[in-house]
*Asks:* 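Just passing along the structure, written as C-alpha coordinates.
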2 protein chains.
Amino acid sequence: MNYINPARQAPVTTADKVFETMQHEIVEGQILAGSKISEPELAKKYQVSRSTLREALNRLEKCHLIERKPNVGSRVVECTVKGLLEIYIVREALEGMACRLAATAMAGTEIAELQAILTIHGEEKQLQDGVAYYQEEGDLDFHYRVIQGSNNLQLINILCGELYHLVRMYRCQFGMNSPRATRAYDEHKAILQAIADRDGELAEMLMRRHIAASRKNIERKLEKDSE
Amino acid sequence: MNYINPARQAPVTTADKVFETMQHEIVEGQILAGSKISEPELAKKYQVSRSTLREALNRLEKCHLIERKPNVGSRVVECTVKGLLEIYIVREALEGMACRLAATAMAGTEIAELQAILTIHGEEKQLQDGVAYYQEEGDLDFHYRVIQGSNNLQLINILCGELYHLVRMYRCQFGMNSPRATRAYDEHKAILQAIADRDGELAEMLMRRHIAASRKNIERKLEKDSE
DNA sequence: TTACGACAAATTGTCGACACATTGACTTTA
DNA sequence: TAAAGTCAATGTGTCGACAATTTGTCGTAA
(Lines give C-alpha, C1' and ligand atoms only; values in the text may rest on other atoms or scores of the structure.)
Protein backbone atom coordinates (compact mmCIF):
# COMPACT_ATOMS: atom_id res chain seq x y z
CA MET A 1 0.00 0.00 0.00
CA ASN A 2 1.29 3.39 -0.91
CA TYR A 3 0.79 5.87 1.88
CA ILE A 4 0.82 9.57 1.46
CA ASN A 5 3.57 11.22 3.37
CA PRO A 6 3.03 14.94 3.98
CA ALA A 7 6.46 16.25 4.71
CA ARG A 8 8.47 13.94 2.53
CA GLN A 9 10.90 14.74 -0.18
CA ALA A 10 11.82 12.18 -2.81
CA PRO A 11 14.23 9.61 -1.38
CA VAL A 12 17.50 10.60 -2.99
CA THR A 13 20.10 8.78 -0.95
CA THR A 14 20.38 5.10 -0.07
CA ALA A 15 19.80 5.82 3.59
CA ASP A 16 16.57 7.55 2.55
CA LYS A 17 15.31 4.42 0.89
CA VAL A 18 16.21 2.20 3.83
CA PHE A 19 14.54 4.72 6.11
CA GLU A 20 11.31 4.68 4.13
CA THR A 21 11.27 0.91 3.89
CA MET A 22 11.83 0.45 7.60
CA GLN A 23 9.31 3.16 8.35
CA HIS A 24 6.61 1.28 6.48
CA GLU A 25 7.58 -2.02 8.04
CA ILE A 26 7.48 -0.56 11.54
CA VAL A 27 4.22 1.31 11.02
CA GLU A 28 2.52 -1.74 9.53
CA GLY A 29 3.93 -4.02 12.20
CA GLN A 30 6.14 -6.20 10.01
CA ILE A 31 8.95 -5.18 12.30
CA LEU A 32 7.31 -5.82 15.65
CA ALA A 33 6.75 -3.04 18.13
CA GLY A 34 9.07 -3.31 21.10
CA SER A 35 11.49 -5.58 19.30
CA LYS A 36 15.23 -5.04 19.47
CA ILE A 37 17.03 -3.87 16.37
CA SER A 38 20.21 -5.66 15.39
CA GLU A 39 22.35 -3.44 13.20
CA PRO A 40 24.39 -6.20 11.55
CA GLU A 41 21.29 -8.24 10.86
CA LEU A 42 19.31 -5.43 9.26
CA ALA A 43 22.33 -4.19 7.36
CA LYS A 44 22.53 -7.59 5.73
CA LYS A 45 18.78 -7.70 5.16
CA TYR A 46 18.77 -4.41 3.25
CA GLN A 47 22.15 -5.00 1.60
CA VAL A 48 23.75 -1.86 2.96
CA SER A 49 26.63 -1.10 5.28
CA ARG A 50 26.10 -0.44 8.95
CA SER A 51 26.90 3.26 8.50
CA THR A 52 24.03 3.63 6.07
CA LEU A 53 21.72 1.68 8.30
CA ARG A 54 22.65 3.83 11.28
CA GLU A 55 21.85 6.91 9.25
CA ALA A 56 18.41 5.46 8.63
CA LEU A 57 18.04 4.63 12.32
CA ASN A 58 18.78 8.24 13.20
CA ARG A 59 15.86 9.39 11.10
CA LEU A 60 13.58 6.76 12.56
CA GLU A 61 14.51 8.10 15.95
CA LYS A 62 13.58 11.59 14.81
CA CYS A 63 10.11 10.22 13.99
CA HIS A 64 9.90 8.67 17.46
CA LEU A 65 9.59 5.23 15.86
CA ILE A 66 12.65 3.80 17.58
CA GLU A 67 14.56 4.56 20.77
CA ARG A 68 18.30 4.31 21.23
CA LYS A 69 20.44 3.75 24.27
CA PRO A 70 24.17 4.36 24.02
CA ASN A 71 26.29 1.22 23.93
CA VAL A 72 23.18 -0.93 24.12
CA GLY A 73 21.20 -0.53 20.92
CA SER A 74 17.87 0.43 19.41
CA ARG A 75 14.36 -0.79 20.06
CA VAL A 76 11.15 -0.17 18.18
CA VAL A 77 8.80 1.87 20.34
CA GLU A 78 6.01 0.00 22.04
CA CYS A 79 2.39 0.85 21.38
CA THR A 80 0.96 1.33 24.83
CA VAL A 81 -2.39 2.79 25.72
CA LYS A 82 -0.66 5.43 27.79
CA GLY A 83 1.46 6.41 24.79
CA LEU A 84 -1.55 6.62 22.53
CA LEU A 85 -3.41 8.90 24.91
CA GLU A 86 -0.32 11.07 25.33
CA ILE A 87 -0.13 11.63 21.60
CA TYR A 88 -3.77 12.62 21.50
CA ILE A 89 -3.05 15.19 24.19
CA VAL A 90 -0.20 16.65 22.17
CA ARG A 91 -2.31 16.68 19.04
CA GLU A 92 -5.17 18.38 20.87
CA ALA A 93 -2.85 21.19 21.90
CA LEU A 94 -0.95 21.59 18.65
CA GLU A 95 -3.68 20.97 16.12
CA GLY A 96 -6.00 23.20 18.10
CA MET A 97 -3.48 25.99 17.80
CA ALA A 98 -2.86 25.17 14.13
CA CYS A 99 -6.58 25.47 13.54
CA ARG A 100 -6.70 28.85 15.23
CA LEU A 101 -3.88 30.09 13.03
CA ALA A 102 -5.39 28.57 9.91
CA ALA A 103 -8.51 30.63 10.47
CA THR A 104 -6.55 33.77 9.74
CA ALA A 105 -3.73 32.42 7.56
CA MET A 106 -5.51 30.19 5.05
CA ALA A 107 -6.30 31.70 1.70
CA GLY A 108 -9.86 31.74 0.48
CA THR A 109 -8.97 29.41 -2.36
CA GLU A 110 -7.46 26.89 0.06
CA ILE A 111 -10.60 26.91 2.15
CA ALA A 112 -12.79 26.40 -0.90
CA GLU A 113 -10.57 23.56 -2.01
CA LEU A 114 -10.82 21.89 1.37
CA GLN A 115 -14.60 22.27 1.34
CA ALA A 116 -14.68 20.51 -2.00
CA ILE A 117 -12.59 17.68 -0.63
CA LEU A 118 -14.88 17.33 2.36
CA THR A 119 -17.88 17.07 0.07
CA ILE A 120 -16.21 14.32 -1.90
CA HIS A 121 -15.35 12.47 1.30
CA GLY A 122 -18.94 12.74 2.40
CA GLU A 123 -20.24 11.28 -0.82
CA GLU A 124 -17.74 8.47 -0.83
CA LYS A 125 -18.58 7.70 2.75
CA GLN A 126 -22.25 7.34 1.96
CA LEU A 127 -21.48 5.58 -1.26
CA GLN A 128 -19.52 2.69 0.12
CA ASP A 129 -20.89 3.00 3.61
CA GLY A 130 -17.47 1.76 4.64
CA VAL A 131 -15.86 3.62 7.46
CA ALA A 132 -12.31 2.49 6.82
CA TYR A 133 -11.30 4.71 3.96
CA TYR A 134 -12.63 7.88 5.45
CA GLN A 135 -11.25 7.17 8.83
CA GLU A 136 -7.81 6.38 7.47
CA GLU A 137 -6.89 8.56 4.55
CA GLY A 138 -9.60 11.15 4.59
CA ASP A 139 -9.26 12.06 8.23
CA LEU A 140 -5.51 12.31 7.98
CA ASP A 141 -5.84 14.40 4.87
CA PHE A 142 -8.21 16.90 6.49
CA HIS A 143 -6.05 17.34 9.53
CA TYR A 144 -2.97 17.56 7.35
CA ARG A 145 -4.36 20.41 5.32
CA VAL A 146 -5.46 22.38 8.34
CA ILE A 147 -1.99 22.02 9.81
CA GLN A 148 -0.42 23.21 6.59
CA GLY A 149 -2.85 26.10 6.62
CA SER A 150 -1.43 27.35 9.90
CA ASN A 151 1.61 28.60 7.99
CA ASN A 152 3.73 27.95 11.09
CA LEU A 153 6.78 25.96 10.06
CA GLN A 154 7.59 24.73 13.58
CA LEU A 155 4.07 23.49 14.03
CA ILE A 156 4.02 21.85 10.62
CA ASN A 157 7.37 20.20 11.20
CA ILE A 158 6.39 18.71 14.54
CA LEU A 159 2.98 17.46 13.47
CA CYS A 160 3.66 16.39 9.90
CA GLY A 161 7.30 15.47 10.24
CA GLU A 162 7.86 14.04 13.69
CA LEU A 163 4.51 12.79 14.94
CA TYR A 164 2.76 11.83 11.72
CA HIS A 165 4.18 8.35 11.32
CA LEU A 166 3.81 7.56 14.98
CA VAL A 167 0.11 8.40 14.73
CA ARG A 168 -0.17 6.15 11.69
CA MET A 169 1.63 3.40 13.58
CA TYR A 170 -0.89 3.53 16.38
CA ARG A 171 -3.78 3.58 13.93
CA CYS A 172 -2.40 0.51 12.17
CA GLN A 173 -1.52 -1.51 15.21
CA PHE A 174 -4.59 -0.76 17.29
CA GLY A 175 -6.76 -1.30 14.23
CA MET A 176 -8.75 1.89 14.50
CA ASN A 177 -11.98 1.61 12.60
CA SER A 178 -14.34 2.98 15.17
CA PRO A 179 -17.86 4.07 14.25
CA ARG A 180 -16.98 7.68 14.83
CA ALA A 181 -16.65 8.42 11.13
CA THR A 182 -20.04 10.03 10.63
CA ARG A 183 -19.74 12.23 13.65
CA ALA A 184 -16.14 13.05 12.77
CA TYR A 185 -17.28 14.11 9.33
CA ASP A 186 -19.78 16.53 10.78
CA GLU A 187 -17.18 17.86 13.16
CA HIS A 188 -14.82 18.45 10.26
CA LYS A 189 -17.52 20.44 8.53
CA ALA A 190 -18.10 22.58 11.60
CA ILE A 191 -14.39 23.20 12.01
CA LEU A 192 -14.00 24.24 8.42
CA GLN A 193 -16.98 26.55 8.75
CA ALA A 194 -15.32 28.30 11.68
CA ILE A 195 -12.17 28.69 9.60
CA ALA A 196 -14.18 30.07 6.70
CA ASP A 197 -15.77 32.55 9.12
CA ARG A 198 -12.26 33.54 10.22
CA ASP A 199 -13.21 32.71 13.79
CA GLY A 200 -9.92 31.43 15.15
CA GLU A 201 -11.07 31.09 18.72
CA LEU A 202 -14.02 28.90 17.79
CA ALA A 203 -11.97 26.93 15.26
CA GLU A 204 -9.45 26.04 17.95
CA MET A 205 -12.12 25.03 20.41
CA LEU A 206 -13.89 22.82 17.88
CA MET A 207 -10.67 21.12 16.80
CA ARG A 208 -9.72 20.47 20.40
CA ARG A 209 -13.11 18.98 21.14
CA HIS A 210 -12.88 16.93 17.97
CA ILE A 211 -9.57 15.37 18.99
CA ALA A 212 -10.55 15.08 22.64
CA ALA A 213 -13.71 13.23 21.57
CA SER A 214 -11.60 10.72 19.66
CA ARG A 215 -9.40 10.28 22.69
CA LYS A 216 -12.30 9.73 25.05
CA ASN A 217 -13.84 7.34 22.57
CA ILE A 218 -10.70 5.27 22.72
CA GLU A 219 -10.56 5.46 26.49
CA ARG A 220 -14.11 4.14 26.71
CA LYS A 221 -13.44 1.41 24.21
CA LEU A 222 -10.32 0.23 25.92
CA GLU A 223 -11.72 0.16 29.40
CA LYS A 224 -14.68 -1.75 28.04
CA ASP A 225 -12.30 -4.33 26.58
CA SER A 226 -10.57 -4.73 29.89
CA GLU A 227 -13.78 -5.58 31.73
CA MET B 1 28.97 29.09 31.77
CA ASN B 2 27.42 25.82 32.75
CA TYR B 3 23.83 25.62 31.62
CA ILE B 4 21.31 23.28 33.07
CA ASN B 5 20.04 20.84 30.53
CA PRO B 6 16.70 19.28 31.47
CA ALA B 7 16.50 16.15 29.41
CA ARG B 8 20.17 15.28 29.34
CA GLN B 9 21.93 12.17 30.32
CA ALA B 10 25.62 12.18 31.10
CA PRO B 11 27.64 12.30 27.86
CA VAL B 12 28.95 8.79 27.61
CA THR B 13 30.16 8.55 24.04
CA THR B 14 32.50 10.86 22.17
CA ALA B 15 29.75 11.88 19.79
CA ASP B 16 27.85 13.00 22.89
CA LYS B 17 30.66 15.28 23.90
CA VAL B 18 31.03 16.77 20.45
CA PHE B 19 27.28 17.27 20.38
CA GLU B 20 27.26 19.11 23.68
CA THR B 21 30.21 21.26 22.73
CA MET B 22 28.70 22.25 19.41
CA GLN B 23 25.36 22.78 21.07
CA HIS B 24 26.83 25.35 23.41
CA GLU B 25 28.79 27.03 20.65
CA ILE B 26 25.73 27.30 18.44
CA VAL B 27 23.45 28.51 21.22
CA GLU B 28 25.93 31.13 22.36
CA GLY B 29 26.69 32.22 18.82
CA GLN B 30 30.33 31.13 18.64
CA ILE B 31 29.29 29.12 15.62
CA LEU B 32 27.35 31.75 13.73
CA ALA B 33 23.67 31.31 12.98
CA GLY B 34 23.05 30.63 9.32
CA SER B 35 26.63 29.58 8.66
CA LYS B 36 27.46 26.50 6.66
CA ILE B 37 28.95 23.53 8.43
CA SER B 38 32.00 21.88 6.91
CA GLU B 39 32.31 18.32 8.07
CA PRO B 40 36.04 17.89 7.37
CA GLU B 41 36.83 21.19 9.01
CA LEU B 42 34.88 20.55 12.20
CA ALA B 43 36.10 16.97 12.39
CA LYS B 44 39.63 18.29 12.49
CA LYS B 45 38.68 21.02 14.97
CA TYR B 46 37.25 18.54 17.48
CA GLN B 47 39.81 15.84 16.73
CA VAL B 48 37.28 13.19 15.74
CA SER B 49 36.45 11.29 12.61
CA ARG B 50 33.75 12.42 10.25
CA SER B 51 31.52 9.53 11.30
CA THR B 52 31.54 10.74 14.88
CA LEU B 53 30.94 14.30 13.81
CA ARG B 54 28.03 13.25 11.64
CA GLU B 55 26.53 11.43 14.59
CA ALA B 56 26.72 14.68 16.53
CA LEU B 57 25.17 16.57 13.61
CA ASN B 58 22.24 14.16 13.63
CA ARG B 59 21.49 15.07 17.22
CA LEU B 60 21.85 18.76 16.54
CA GLU B 61 19.29 18.30 13.80
CA LYS B 62 16.96 16.62 16.27
CA CYS B 63 17.18 19.78 18.42
CA HIS B 64 16.37 21.90 15.37
CA LEU B 65 19.72 23.65 15.71
CA ILE B 66 20.96 22.71 12.25
CA GLU B 67 19.29 21.79 8.97
CA ARG B 68 20.59 19.27 6.49
CA LYS B 69 20.06 18.89 2.78
CA PRO B 70 21.09 15.64 1.11
CA ASN B 71 24.26 15.86 -0.94
CA VAL B 72 24.64 19.50 -0.04
CA GLY B 73 25.41 19.79 3.65
CA SER B 74 24.34 21.29 6.94
CA ARG B 75 23.62 24.86 8.00
CA VAL B 76 23.07 26.34 11.41
CA VAL B 77 19.50 27.57 11.65
CA GLU B 78 18.94 31.29 11.32
CA CYS B 79 17.38 33.31 14.09
CA THR B 80 14.59 35.16 12.36
CA VAL B 81 11.81 37.12 14.00
CA LYS B 82 9.29 34.91 12.25
CA GLY B 83 10.97 31.82 13.67
CA LEU B 84 11.00 33.27 17.16
CA LEU B 85 7.32 34.07 17.08
CA GLU B 86 6.55 30.62 15.69
CA ILE B 87 8.27 29.00 18.64
CA TYR B 88 6.30 31.12 21.06
CA ILE B 89 3.12 29.91 19.37
CA VAL B 90 4.17 26.29 19.79
CA ARG B 91 5.12 26.89 23.39
CA GLU B 92 1.83 28.60 24.10
CA ALA B 93 -0.04 25.53 22.87
CA LEU B 94 2.15 22.87 24.43
CA GLU B 95 3.05 24.51 27.73
CA GLY B 96 -0.54 25.55 28.17
CA MET B 97 -1.57 21.94 27.86
CA ALA B 98 1.30 20.83 30.10
CA CYS B 99 0.09 23.25 32.72
CA ARG B 100 -3.44 21.88 32.54
CA LEU B 101 -2.13 18.37 33.04
CA ALA B 102 0.22 19.43 35.81
CA ALA B 103 -2.75 20.74 37.77
CA THR B 104 -3.99 17.19 38.21
CA ALA B 105 -0.79 15.20 37.89
CA MET B 106 1.66 17.07 40.12
CA ALA B 107 2.13 15.73 43.61
CA GLY B 108 1.51 18.00 46.54
CA THR B 109 5.16 17.82 47.50
CA GLU B 110 6.24 18.91 44.03
CA ILE B 111 3.94 21.90 44.18
CA ALA B 112 5.24 22.90 47.58
CA GLU B 113 8.80 22.57 46.32
CA LEU B 114 8.06 24.77 43.35
CA GLN B 115 6.46 27.36 45.60
CA ALA B 116 9.62 27.43 47.68
CA ILE B 117 11.70 27.94 44.55
CA LEU B 118 9.50 30.78 43.42
CA THR B 119 9.92 32.48 46.79
CA ILE B 120 13.68 32.22 46.52
CA HIS B 121 13.58 33.65 43.01
CA GLY B 122 11.48 36.53 44.26
CA GLU B 123 13.92 37.37 47.01
CA GLU B 124 16.93 37.12 44.74
CA LYS B 125 15.22 39.31 42.23
CA GLN B 126 14.65 42.06 44.75
CA LEU B 127 18.04 41.46 46.29
CA GLN B 128 20.15 42.11 43.27
CA ASP B 129 17.47 44.02 41.40
CA GLY B 130 19.03 42.45 38.35
CA VAL B 131 16.62 41.05 35.85
CA ALA B 132 19.05 38.88 33.95
CA TYR B 133 19.37 35.92 36.27
CA TYR B 134 15.70 35.53 36.88
CA GLN B 135 14.82 35.99 33.29
CA GLU B 136 17.40 33.43 32.18
CA GLU B 137 17.67 30.57 34.59
CA GLY B 138 14.72 31.10 36.85
CA ASP B 139 12.14 31.47 34.16
CA LEU B 140 13.42 28.44 32.31
CA ASP B 141 13.46 26.50 35.55
CA PHE B 142 9.87 27.32 36.41
CA HIS B 143 8.60 26.37 32.99
CA TYR B 144 10.75 23.27 33.02
CA ARG B 145 9.25 22.03 36.27
CA VAL B 146 5.70 22.62 35.15
CA ILE B 147 6.38 20.68 31.97
CA GLN B 148 7.85 17.82 33.96
CA GLY B 149 4.80 17.96 36.19
CA SER B 150 2.54 17.17 33.26
CA ASN B 151 3.74 13.58 33.41
CA ASN B 152 3.25 13.32 29.64
CA LEU B 153 6.39 11.87 28.11
CA GLN B 154 5.66 13.05 24.58
CA LEU B 155 5.08 16.57 25.81
CA ILE B 156 8.19 16.52 27.95
CA ASN B 157 10.30 15.15 25.13
CA ILE B 158 9.21 17.78 22.64
CA LEU B 159 9.51 20.75 24.98
CA CYS B 160 12.56 19.76 27.04
CA GLY B 161 14.34 17.67 24.44
CA GLU B 162 13.71 19.15 21.04
CA LEU B 163 12.75 22.78 21.54
CA TYR B 164 14.63 23.66 24.70
CA HIS B 165 17.97 24.53 23.17
CA LEU B 166 16.40 26.38 20.29
CA VAL B 167 14.59 28.58 22.80
CA ARG B 168 17.87 29.19 24.60
CA MET B 169 19.53 30.03 21.30
CA TYR B 170 16.97 32.70 20.58
CA ARG B 171 17.29 34.08 24.10
CA CYS B 172 21.04 34.31 23.74
CA GLN B 173 21.19 35.76 20.27
CA PHE B 174 18.38 38.26 20.60
CA GLY B 175 19.71 39.28 24.01
CA MET B 176 16.48 38.97 25.90
CA ASN B 177 16.60 40.92 29.09
CA SER B 178 13.30 42.69 28.86
CA PRO B 179 11.74 44.40 31.87
CA ARG B 180 9.01 41.81 32.02
CA ALA B 181 10.66 39.99 34.88
CA THR B 182 8.56 41.45 37.67
CA ARG B 183 5.32 40.88 35.88
CA ALA B 184 6.46 37.44 34.80
CA TYR B 185 7.16 36.61 38.42
CA ASP B 186 3.65 37.55 39.45
CA GLU B 187 2.24 35.55 36.57
CA HIS B 188 4.25 32.53 37.66
CA LYS B 189 2.78 32.84 41.13
CA ALA B 190 -0.76 32.98 39.75
CA ILE B 191 -0.14 29.96 37.55
CA LEU B 192 1.22 27.97 40.43
CA GLN B 193 -1.75 28.94 42.56
CA ALA B 194 -4.10 27.57 39.92
CA ILE B 195 -2.12 24.35 39.86
CA ALA B 196 -2.26 24.15 43.65
CA ASP B 197 -6.02 24.64 43.43
CA ARG B 198 -6.12 21.77 40.93
CA ASP B 199 -7.85 24.06 38.47
CA GLY B 200 -6.45 22.76 35.18
CA GLU B 201 -8.60 24.92 32.97
CA LEU B 202 -7.51 28.13 34.67
CA ALA B 203 -3.89 26.98 34.85
CA GLU B 204 -3.82 26.44 31.11
CA MET B 205 -5.38 29.78 30.38
CA LEU B 206 -2.94 31.61 32.63
CA MET B 207 0.07 29.86 31.14
CA ARG B 208 -1.10 30.63 27.64
CA ARG B 209 -1.60 34.28 28.51
CA HIS B 210 1.78 34.34 30.18
CA ILE B 211 3.56 33.08 27.07
CA ALA B 212 1.40 35.11 24.72
CA ALA B 213 2.26 38.22 26.73
CA SER B 214 5.96 37.53 26.25
CA ARG B 215 5.39 37.07 22.56
CA LYS B 216 3.46 40.30 22.20
CA ASN B 217 6.08 42.08 24.23
CA ILE B 218 8.67 40.98 21.72
CA GLU B 219 6.48 41.92 18.79
CA ARG B 220 6.08 45.43 20.21
CA LYS B 221 9.77 45.75 20.93
CA LEU B 222 10.81 44.62 17.50
CA GLU B 223 8.44 46.79 15.58
CA LYS B 224 9.57 49.70 17.71
CA ASP B 225 13.17 48.94 16.74
CA SER B 226 12.27 48.94 13.09
CA GLU B 227 10.75 52.42 13.22
C1' DT C 1 28.72 39.82 -23.93
C1' DT C 2 26.02 36.07 -22.55
C1' DA C 3 24.78 31.43 -22.35
C1' DC C 4 25.91 26.80 -22.39
C1' DG C 5 28.88 22.81 -21.49
C1' DA C 6 32.99 20.31 -19.88
C1' DC C 7 36.27 19.83 -16.36
C1' DA C 8 38.33 20.01 -11.68
C1' DA C 9 38.12 20.65 -6.84
C1' DA C 10 35.79 19.98 -2.77
C1' DT C 11 32.22 17.93 -0.05
C1' DT C 12 28.97 14.46 1.15
C1' DG C 13 27.49 9.51 1.14
C1' DT C 14 28.92 4.81 1.70
C1' DC C 15 31.86 1.09 2.88
C1' DG C 16 34.61 -2.37 5.57
C1' DA C 17 37.62 -2.94 9.55
C1' DC C 18 39.07 -2.12 14.16
C1' DA C 19 38.44 -0.62 19.17
C1' DC C 20 35.60 -0.67 22.96
C1' DA C 21 31.58 -1.72 25.93
C1' DT C 22 27.91 -4.76 27.37
C1' DT C 23 25.81 -9.29 28.14
C1' DG C 24 25.65 -13.88 29.42
C1' DA C 25 27.83 -18.21 30.66
C1' DC C 26 31.13 -20.40 33.28
C1' DT C 27 34.40 -20.91 37.02
C1' DT C 28 35.89 -20.00 41.52
C1' DT C 29 35.29 -19.07 46.34
C1' DA C 30 33.00 -18.18 50.74
C1' DT D 1 24.31 -23.29 47.38
C1' DA D 2 24.87 -18.66 46.41
C1' DA D 3 27.56 -14.88 45.32
C1' DA D 4 31.15 -12.78 43.10
C1' DG D 5 34.61 -12.62 39.52
C1' DT D 6 36.52 -13.96 34.92
C1' DC D 7 36.23 -14.66 30.24
C1' DA D 8 34.32 -15.18 25.70
C1' DA D 9 30.97 -13.67 22.38
C1' DT D 10 28.12 -10.43 20.52
C1' DG D 11 27.08 -5.77 19.31
C1' DT D 12 27.86 -0.80 19.28
C1' DG D 13 31.09 3.23 18.59
C1' DT D 14 34.78 5.05 15.90
C1' DC D 15 38.02 5.33 12.26
C1' DG D 16 40.14 6.07 7.61
C1' DA D 17 39.46 5.36 2.65
C1' DC D 18 36.79 5.14 -1.51
C1' DA D 19 32.72 6.40 -4.49
C1' DA D 20 29.21 9.61 -5.97
C1' DT D 21 27.35 14.03 -6.15
C1' DT D 22 27.52 18.94 -6.18
C1' DT D 23 29.71 23.43 -7.03
C1' DG D 24 32.60 26.72 -9.02
C1' DT D 25 35.79 27.69 -12.91
C1' DC D 26 37.25 27.93 -17.31
C1' DG D 27 36.71 27.71 -22.14
C1' DT D 28 33.91 27.62 -26.20
C1' DA D 29 30.21 28.96 -29.16
C1' DA D 30 26.18 31.68 -30.38
Side-chain angles (χ1 to χ4, degrees), chain A residues 5 7-26 31-78 161, chain B residues 5 7-26 31-78 161:
Chain A
N5 183 339
R8 90 133 162 255
Q9 48 213 357
V12 40
T13 178
T14 321
D16 280 327
K17 292 165 195 162
V18 176
F19 164 66
E20 287 204 0
T21 304
M22 291 190 67
Q23 181 183 277
H24 285 160
E25 293 187 355
I26 291 176
I31 299 178
L32 276 78
S35 65
K36 178 149 177 19
I37 285 179
S38 165
E39 293 183 4
E41 180 186 327
L42 287 184
K44 197 166 60 181
K45 172 178 174 185
Y46 298 115
Q47 300 286 345
V48 296
S49 76
R50 267 187 58 226
S51 310
T52 305
L53 183 84
R54 281 165 70 86
E55 177 69 31
L57 292 184
N58 269 314
R59 302 194 201 171
L60 289 172
E61 195 184 6
K62 255 173 268 185
C63 298
H64 303 119
L65 291 180
I66 70 170
E67 290 168 347
R68 292 177 70 185
K69 285 181 185 171
N71 280 321
V72 173
S74 311
R75 300 195 83 88
V76 181
V77 296
E78 293 202 59
Chain B
N5 182 340
R8 91 131 162 255
Q9 47 214 358
V12 39
T13 177
T14 31
D16 281 327
K17 292 165 195 158
V18 175
F19 164 67
E20 287 204 0
T21 305
M22 290 190 68
Q23 182 182 276
H24 284 161
E25 295 186 355
I26 290 176
I31 298 178
L32 277 80
S35 65
K36 178 149 177 19
I37 284 179
S38 164
E39 292 183 5
E41 180 187 326
L42 287 184
K44 197 165 61 182
K45 173 179 173 184
Y46 298 115
Q47 301 286 343
V48 296
S49 76
R50 269 186 56 227
S51 309
T52 306
L53 183 84
R54 281 165 71 87
E55 178 69 31
L57 292 185
N58 269 315
R59 300 193 203 172
L60 289 173
E61 196 184 6
K62 254 172 272 186
C63 298
H64 303 120
L65 291 179
I66 70 171
E67 289 168 346
R68 293 177 72 184
K69 285 181 186 172
N71 281 321
V72 173
S74 311
R75 300 194 84 88
V76 180
V77 296
E78 294 201 60

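Here the structure is a predicted model, which means the values were calculated and not measured.
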*Asks:* Apply side-chain contact (heavy atoms from CB on, under 4.5 Å) to residues Leu53(B) and Val18(B) and explain how you reach the verdict.
*Replies:* CA-CA 7 Å; Leu53(B) 183 84; Val18(B) 175; 4.1 Å; yes
*Asks:* Whole angstrom is fine here: how far is it from CD in Glu41(B) over to C1' in dA9(C)?
*Replies:* 17 Å
*Asks:* Might you point out which heavy atoms bring Val77(A) and His64(A) nearest each other, and give the distance in Å?
*Replies:* CG1-O, 3.2 Å
*Asks:* Indicate yes or no: does Lys45(B) engage Glu25(B) in a salt bridge with an N to O separation below 4.0 Å.
*Replies:* yes
*Asks:* Which angle, rounded to 10°, do you find between the first-five-pair axis and the last-five-pair axis of the helix from dT1(C)-dA30(D) to dA30(C)-dT1(D)?
*Replies:* 10°
*Asks:* Which atom pairs link the protein and nucleotides 12-16 of chain C when you take only N or O atoms and keep those under 3.5 Å?
*Replies:*
unit_1  : atom_1 : unit_2   : atom_2 : d
dT12(C) : OP1    : Lys36(B) : NZ     : 3.3
dT12(C) : OP1    : Ile37(B) : O      : 3.3
dT12(C) : OP2    : Glu39(B) : N      : 3.4
dG13(C) : OP1    : Asn71(B) : N      : 3.2
dG13(C) : OP2    : Arg54(B) : NH1    : 2.5
dG13(C) : OP2    : Arg54(B) : NH2    : 3.1
dG13(C) : O3'    : Thr13(A) : OG1    : 2.7
dG13(C) : N7     : Arg50(B) : NH2    : 2.9
dG13(C) : O6     : Arg50(B) : NH1    : 2.9
dT14(C) : OP1    : Thr13(A) : OG1    : 2.3
dT14(C) : OP1    : Thr14(A) : N      : 2.6
dT14(C) : OP1    : Thr14(A) : OG1    : 2.7
dT14(C) : OP1    : Ala15(A) : N      : 3.3
dT14(C) : OP2    : Thr13(A) : OG1    : 3.1
dC15(C) : OP2    : Ser49(A) : N      : 2.9
dC15(C) : OP2    : Ser49(A) : OG     : 3.0
dC15(C) : OP2    : Thr52(A) : OG1    : 2.4
dC15(C) : N4     : Ser51(A) : OG     : 3.2
dG16(C) : O6     : Ser51(A) : OG     : 3.4

*Asks:* So which atom in Glu55(B) and which in Ala15(B) form the shortest heavy-atom distance, rounded to 0.1 Å?
*Replies:* CG-CB, 3.5 Å
*Asks:* Ignoring hydrogens and angles, tell me if any N or O in the side chain of Thr21(B) forms a donor-acceptor pair with the backbone of Lys17(B) under 3.5 Å.
*Replies:* yes
*Asks:* So, Arg75(A) and Glu67(A), do they make that salt bridge, N to O below 4.0 Å?
*Replies:* no
*Asks:* For a quick test of reading the model, state the closest non-hydrogen atom pair linking Asp16(A) to Val12(A) and the distance between them.
*Replies:* OD2-N, 3.2 Å
*Asks:* Could I get the full list of side-chain contact (heavy atoms from CB on, under 4.5 Å) partners for Ser74(A), not counting sequence neighbours?
*Replies:* Ile37(A), Leu57(A), Ile66(A), Arg68(A)
